[in-house]
Amino acid sequence: MNNRNKTIYITTPIYYVNDKPHIGHAYTTIVADVLARYYRNKLGDDNVYFLTGTDEHGAKIAESAAKVGIDPQKFTDQISDEFKEAWQNLEISNDQFIRTTSEKHIKIVTDILNKLKEAKTPLGNDVLYESEYEGLYCVGCEKFLNPSDLVDEKCPDHNQKPKLVKEKNWFFRLNDFLPLIKEKITKDELLIYPSTRKNEVLGLIDKQDLPDFSISRSIKSVPWGIDLPWDKNQKSYVWVDALSNYITALDYPQGDLFQKFWPANIQLLALDILKFHTLYWPAILLALGMELPKQLAIHGFFTINGQKMSKTIGNVIHPNEVVEKYGAEVSKYLILSQFSFGSESDIKVEDFPIKYNADLVNGLGNLINRTTKMVEDYLDGEIDKSGLEIIEDVVSKINQDIEKINFKEALVKIWKLIQESNFLIDQEKPWELSKSNNKDDQEKLKSVLGFCIKNLYNVAYSLNFLMPQKSQEILDIIQADKIKKPAKPLFPRL
Ligand code: ME8
């Protein structure tokens with residue numbers, strides 16, 4: 001949390017608009033969304049800011065636009081709208097959607113470039129310098145590749161030969177910043193989470209062969225981008241433009257949002273862009289004399305049924321496909337519960353219906369139906385409402401998991417409450433207790449059903465960050481004067 005005023009600023013990467021949104025983009029965005037919802041509940045709506053958006057410049061995007069014969073701006077407008085729509089369908093609660101072709105972003109990036117041109121490194125050198133660059137450039141990756149990255153002389157990710165590019169570019173003197181960045185990462189002043197990724201980054205720094213990075217390209221190789229203010233033959237190259245979005249969105253350097261929310265608390269990304277966020281981004285910020293983000297949280301890359309998502313294989317899953325089948329909240333549940341944040345893993349789409357039936361229809365849904373039906377039938381819909389209280393030790397552990405971005409574990413704890421209740425019902429058989437005139441049995445009946453309703457209360461309370469509407473529906477049912485079985489199941493069978 002920002003010490004100044006207990007605010008939380010959460011960001012996702014801005015996604016390239018060369019192609020449609022897919023479930024990989026959705027994963028990071030859902031993580032950001034549920035964190036933002038959790039912190040809004042904790043700190044109040046005004047104290048949380050959640051940013052996502054699209055990255056719209058560069059050769060790759062210009063090429064994609066050219067392929068379909070559309071002007072790049074029109075092309076980016078279309079795809080950017082698709083991202084926006086996908087996030088609306090998923091009920092993503094972002095406070096802003098930044099686009100790097102917006103006038104505001106371009107103006108602030110131009111100011112940032114001018115500032116970098118004037119800035120000095122910690123060793124007193126100019127931050128930017130001009131130099132000759134020659135390299136193998138993959139348009140698909142939007143980066144230069146090392147010869148050792150190639151397979152059969154081709155980029156293994158894009159199956160195409162990189163172009164040999166030789167030109168004068170402006171470079172950022174990254175190496176002068178590395179000792180300071182290393183110190184901040186080592187001391188967790190810049191927390192890299194999880195620690196395996198922290199070690200990976202420290203390893204990169206220790207290898208000591210990190211080249212400085214170029215911040216511009218000639219307009220011939222990258223015509224679609226922000227002008228370099230002091231050299232009209234050069235365009236700003238992707239990373240200064242893209243990374244700056246996290247501060248241009250806040251109207252750096254004077255804006256109220258910037259004053260209130262910078263430094264960012266949680267910047268989410270996957271390991272594909274680890275180096276750019278853990279080294280380039282801190283270096284740019286240090287050069288601008290700014291505070292670094294508190295935490296970079298890096299998740300793994302997932303495959304679909306064991307394969308990398310790719311148009312050629314035809315296994316790209318659009319988030320809308322999942323939402324159409326399950327609705328926004330259940331889609332978020334299915335995606336988050338399958339995948340542990342830090343690790344690389346595989347998404348099995350055929351597991352979605354199995355998980356939906358097991359966890360939501362037969363697990364939570366069945367508990368709601370049977371418990372409310374029994375309270376309605378055996379207790380005339382009445383339970384002692386004073387029992388509806390938070391189970392502090394359980395809920396606080398769930399909250400700790402959420403704050404550690406360990407949603408899978410948080411959900412396991414929530415589902416334990418559900419299993420515990422279903423187990424108790426099976427064991428104590430309230431339908432038999434209800435037939436008995438014995439006073440002890442009547443008390444037991446009340447206590448068993450009271451226990452289940454209390455657990456449901458805690459489940460609903462804890463699930464609010466992920467399924468706010470379902471959670472409110474459950475609370476409305478169990479907090480009503482008379483509890484009744486819901487007319488329609490909350491989680492209908494498929
Ligand atoms: O890299 N598994 O954009 P991008 C998990 N514009 N996450 C995935 C994923 C997968 N298979 N595929 C994508 C860029 N992601 C730049 C970023 S930021 C200043 C600029 C998610 O469209 C994950 O968050 O390639 C990853 O880091 C991001 O999308 C890359 O999106």
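Counting starts at 1 for both ligands and their atoms, following the listed order. All residue numbers refer to positions in the sequence shown, counting from 1.
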Sequence neighbours excluded, every pair satisfying side-chain hydrogen bond (donor to acceptor under 3.5 Å, both in side chains) that has a member inside residues 269-286
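side-chain hydrogen bond (donor to acceptor under 3.5 Å, both in side chains) check on residues 269-286 returns Tyr246-His277, Gln267-Trp281.
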| field | Within the protein, residues bringing a heavy atom under 4.0 Å of ligand 1, chain by chain | value |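 The 4.0 Å shell around ligand 1 contains Pro13, Ile14, Tyr15, Tyr16, His22, Gly24, His25, Thr28, Asp55, Trp239, Ala242, Leu243, Asn245, Tyr246, Ala270, Asp272, Ile273, His277, His299, Gly300, Phe301, Phe302, Met309.
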Glu82 meets the side chain to side chain donor-acceptor pair (under 3.5 Å) criterion, sequence neighbours left out, with Lys20
* Is it true that Asp55 and Arg99 have a side-chain N and a carboxylate O under 4.0 angstrom from each other? ->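 Answer for the salt bridge query: no.
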Return all side-chain donor-acceptor pairs below 3.5 angstrom for residues 66-73, not counting sequence neighbours, or 'none' if the list is empty.
| residue | atom | partner | partner atom | Å |
| --- | --- | --- | --- | --- |
| Asp71 | OD2 | Gln73 | N | 3.3 |
| Asp71 | OD2 | Lys74 | N | 3.1 |
| Gln73 | NE2 | Thr76 | OG1 | 3.4 |
| Gln73 | NE2 | Asp77 | OD1 | 3.0 |
| Gln73 | NE2 | Thr101 | OG1 | 3.3 |

- For Glu153, look at atom CD and say whether over 12 heavy atoms of other residues, nucleotides or ligands are found less than 6.0 Å away.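 No, CD of Glu153 has 12 or fewer neighbouring heavy atoms, counting only those of other groups under 6.0 Å.
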Between the CG atom in Leu35 and the CZ atom in Phe465, the distance rounded to the nearest 0.5 Å is 8.5 Å
